[in-house]
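Report on the following structure.
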Amino acid sequence: MSSADFLTEAIARGFVKDCTPGLDALLGAGPVAGYIGFDCTAPSLHVGSLVQIMLLRLFQRHGHQPVVLMGGGTTRIGDPSGKDETRQLLTDEEIAANMAGIRRVFEPFLRFGTGPEDAITANNADWLNPLGYIPLLRDVGRHFTVNRMLTFDSVRLRLDREQPLTFLEFNYMILQSYDFRELFRRRNVRLQMGGSDQWGNIVAGIDLVHHTEGAQVFGLTTPLITTASGAKMGKTAAGAIWLTSDRLAPFDYWQFWRNTEDGDVARFLRLFTDLPLDEIARIELGDINETKKILATEATSLAHGAEAAAQAAEAARRIFETGESADLPSVPVPRADLAEGLPAFRLFTLAGLAGSNGEARRLIRAGGARINDAQVTDETLTLTLTDLQNGAIKLSAGRKHHRLIRPE
């Protein structure tokens, strides 16, 4: 693939919302280093970050060098973009643990190494932590006016909603801009990419590099991805759709994509798979359910490998087409706890079929919960070892989400 074709394909697949003028000329001149930042607020990433990851993957496939910037420093502040409330501050130990987990997310998607097109990771704590705050403000802060900062969405929306914005968070834009300058200085990174809510921060970084380095750098943002029904991508009744198998089983990941709304299938094939565009155009004309299976298998292959995707697809076929339940994901529960009895709502939460006990209670009250294929409406129902069938208790949330509870 030609490095000049990256922007053309990114636009065709639906990755691009805004980009700065001249980016096409830069990309056409040869390989470019470009980065996306990821703060370390959780021990993994979920599909809400998958557009950014797939954009880096496409960037590398066209011969450019992706840089994954870990926010070891900025996580200590918290990005106010898109948030109504101040983030809970994490300890340095929590940030380090989260960073290690997030680093694993990228391994199936990007090729890391020491070559000119190999992906690399960087940690902005390397340059942010040693900074003296007053020297930072003297060197960098003087290039930012409060008047302009107040116009950016990340700030304005919080103020419009009369939600507090701490001075600590207000500095996030300065630090993110400083990241861009440091990556330009250290690795000649000329492009910053991110979600559409990052446009103001990206432009601020471009301006800082121009003012202090006399150099031209560029920015590109992706659109906010919502489903056809308007829901935010990756938010489900059972919680976030994580990208690592220790947080979400490959079967459940496959099922998430299999349950894609009809109106989203073609768009998601372009965004979340490597299938060529002409092949997608042919596939989307076929049976919608078969197309969803292709989407599920292709997306799962990228995150978890082809073997895990094939196993998930076969397990789903056996469960939903032949009625078998042995291949369902199972959740271990201490035998002693089940011997004493556990409330149904608690088991639904432990199984990951509800995001909280309150959510599980509402699921049961609404009639969406089944135990051993029988509907249950009593949220206080207690389950014990006597409820085991073939060594397990089958829990179902709706028609498509199932788990086996197994005592250990």
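The structure presented is a predicted model; accordingly, all values stated were derived computationally and were not measured. Counting begins at 1 with the first residue of the sequence.
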- [ ] Kindly say whether L383 contributes a backbone atom to a donor-acceptor pair with the side chain of D387 at under 3.5 angstrom?
- [x] no
Q. Between Q176 and D179, does any side-chain donor sit less than 3.5 Å from a side-chain acceptor?
A. no
* Run the salt-bridge test on D252 and R258 with the 4.0 Å N-O cut-off and return the result as yes or no. => no
Please step through side chain to side chain contact (heavy atoms under 4.5 Å, CB included) for the pair T273 and I294, ending with a clear verdict. CA-CA 10 Å; T273 79; I294 293 172; over 6 Å; no
Can you find a heavy atom in the side chain of H304 that is under 4.5 Å from one in the side chain of S245?
-> yes
Q.
I'd like to know whether CZ of R187 has more than 12 heavy-atom contacts from other residues, nucleotides or ligands below 6.0 angstrom.
A. no
Output for pair (L26 CG, F218 CZ), nearest 0.5 Å, gives 5.0 Å
- Message: Strictly distance-based, threshold 3.5 Å: is any side-chain N or O of S177 a donor or acceptor partner for the main-chain N or O of G205?
- Response: yes
- prompt: Just by distance, with hydrogens left out, do S196 and T221 show a side-chain donor and acceptor under 3.5 Å apart?
  reply: no
To the nearest 0.5 Å, atom SG of C40 lies from atom CG of D92 at 11.5 Å
On a heavy-atom basis, the closest approach of R370 and F348 is O-CZ, 3.7 Å
Test your reading of the model: is there a side-chain donor-acceptor pair from D118 to the backbone of G115, 3.5 Å cut-off?
yes
Between S49 (side chain) and L45 (backbone), is there a donor-acceptor pair under 3.5 Å?
no
Note to self: Could you check whether R335 pairs with E408 (Lys NZ or Arg NE/NH1/NH2 to Asp/Glu carboxylate O, under 4.0 Å)?
What the structure shows: no
Side-chain heavy atoms of L55 within contact of I53, under 4.5 Å:
no
Rounded to the nearest 0.5 Å, the CG atom of N188 sits from the CG atom of L183 at a distance of 11.0 Å
Carboxylate-amine/guanidinium proximity below 4.0 Å for E107 and R104: no
Exercise for review: Keeping the roles fixed (side chain from R403, backbone from A351), state whether a donor-acceptor pair exists under 3.5 Å.
Suggested key: yes
Pairwise side-chain contact, I36 with L69, heavy-atom cut-off 4.5 Å (strictly under) = no
Practice problem: Start with the C-alpha distance between R365 and T377, add both sets of side-chain angles, then the distance that settles side chain to side chain contact (heavy atoms under 4.5 Å, CB included), and finish with yes or no. | Solution: CA-CA 5 Å; R365 288 198 299 267; T377 55; over 6 Å; no
- Do W257 and F272 make the cut of ring centroids closer than 6.0 angstrom? yes
| query | Is atom NE2 of H210 surrounded by more than 12 heavy atoms (other residues, nucleotides or ligands) closer than 6.0 Å? | reply | no
Closest non-hydrogen contact found for L56 with P66 is CD2-CB, 3.8 Å
Rounding to 0.5 Å, atoms CG (L295) and CZ (F256) come to a distance of 9.0 Å
Steps toward side chain to side chain contact (heavy atoms under 4.5 Å, CB included) verdict (H143, D207) = CA-CA 8 Å; H143 297 289; D207 289 346; over 6 Å; no
- request: Using a 4.5 Å cut-off on heavy atoms from C-beta on, say whether the side chain of Q255 contacts that of Y253.
  value: no
Which side-chain N or O atoms in residues 15-22 pair as donor and acceptor under 3.5 Å with protein atoms at least two apart or in another chain?
residue, atom, partner, partner atom, Å
T20, OG1, G219, N, 3.0
T20, OG1, G219, O, 3.4

- [ ] Take L395 and I371 through the side chain to side chain contact (heavy atoms under 4.5 Å, CB included) test and state the conclusion after the steps.
- [x] CA-CA 5 Å; L395 305 182; I371 297 175; 3.9 Å; yes
Discussion item. Between R346 and T349, is there a side-chain heavy-atom distance shorter than 4.5 Å?
Written reply: yes
Q. Backbone N or O of H402 within a donor-acceptor pair of the S396 side chain at under 3.5 Å?
A. no
For residues 262-271, please give each side-chain donor-acceptor pair under 3.5 Å, one per line with the distance, not counting sequence neighbours.
residue, atom, partner, partner atom, Å
D262, OD1, K292, NZ, 2.6
D264, OD1, A228, N, 3.0
D264, OD1, R267, NH2, 2.8
D264, OD2, A228, N, 2.8
R267, NH1, T226, O, 3.4
R267, NH2, T226, O, 2.6
R270, NH1, A266, O, 3.1
R270, NH2, E284, OE2, 2.8

Any donor and acceptor pair, going by atom type alone, linking the side chain of T291 with main-chain N or O of I283 inside 3.5 Å? yes
*asked:* Using modelled atom types and a 3.5 Å cut-off, is there a donor and acceptor pairing between side-chain atoms of E94 and backbone atoms of T91?
replied: yes
Heavy atoms of A42 and I102 approach each other most closely as O-CD1, 3.4 Å
Distance col, row T212:OG1 vs F184:CZ, nearest 0.5 angstrom, shows 9.0 Å
If we count only N and O atoms by modelled type, under 3.5 Å, do the side chains of T41 and D39 hold a donor and an acceptor together?
no
When every non-hydrogen atom of W254 is compared with those of A316, the smallest separation belongs to CZ3-CB, 3.4 Å
**Asked** Do H64 side-chain atoms and A33 backbone N/O form a donor-acceptor pair below 3.5 Å?
**Response** no
- Message: If we ignore hydrogens and angles and just use 3.5 Å, is the side chain of Q375 paired with the main-chain N or O of G367 as donor and acceptor?
- Response: yes
| query | Hey, are the side chains of Q192 and N201 touching, using non-hydrogen atoms and a 4.5 Å cut-off? | reply | no
**Prompt:** Taking the six-membered ring for Trp, are the ring centroids of Y35 and F180 within less than 6.0 Å of each other?
**Reply:** yes
Next item on the list: Identify whether NZ of Lys or CZ of Arg in R361 sits under 6.0 Å from the centre of the six-membered ring of F345 and within 45° of that ring's axis.
Entry: yes
With a 4.5 Å heavy-atom cut-off, do L128 and L175 have their side chains touching? yes
- Query: Just checking, any donor-acceptor pair under 3.5 angstrom between side chains of S229 and E261?
  - Reply: yes
#### Entry: Non-hydrogen side-chain atoms of V333 and P407 separated by less than 4.5 Å
no
Rounded to the nearest 0.5 Å, the NE2 atom of H211 sits from the CD1 atom of I206 at a distance of 11.5 Å
In short, V105 meets T244 closest at the heavy-atom pair CG2-CG2, 3.6 Å
Note: Q216 and R190 closest approach over all heavy atoms is O-NH2, 2.8 Å
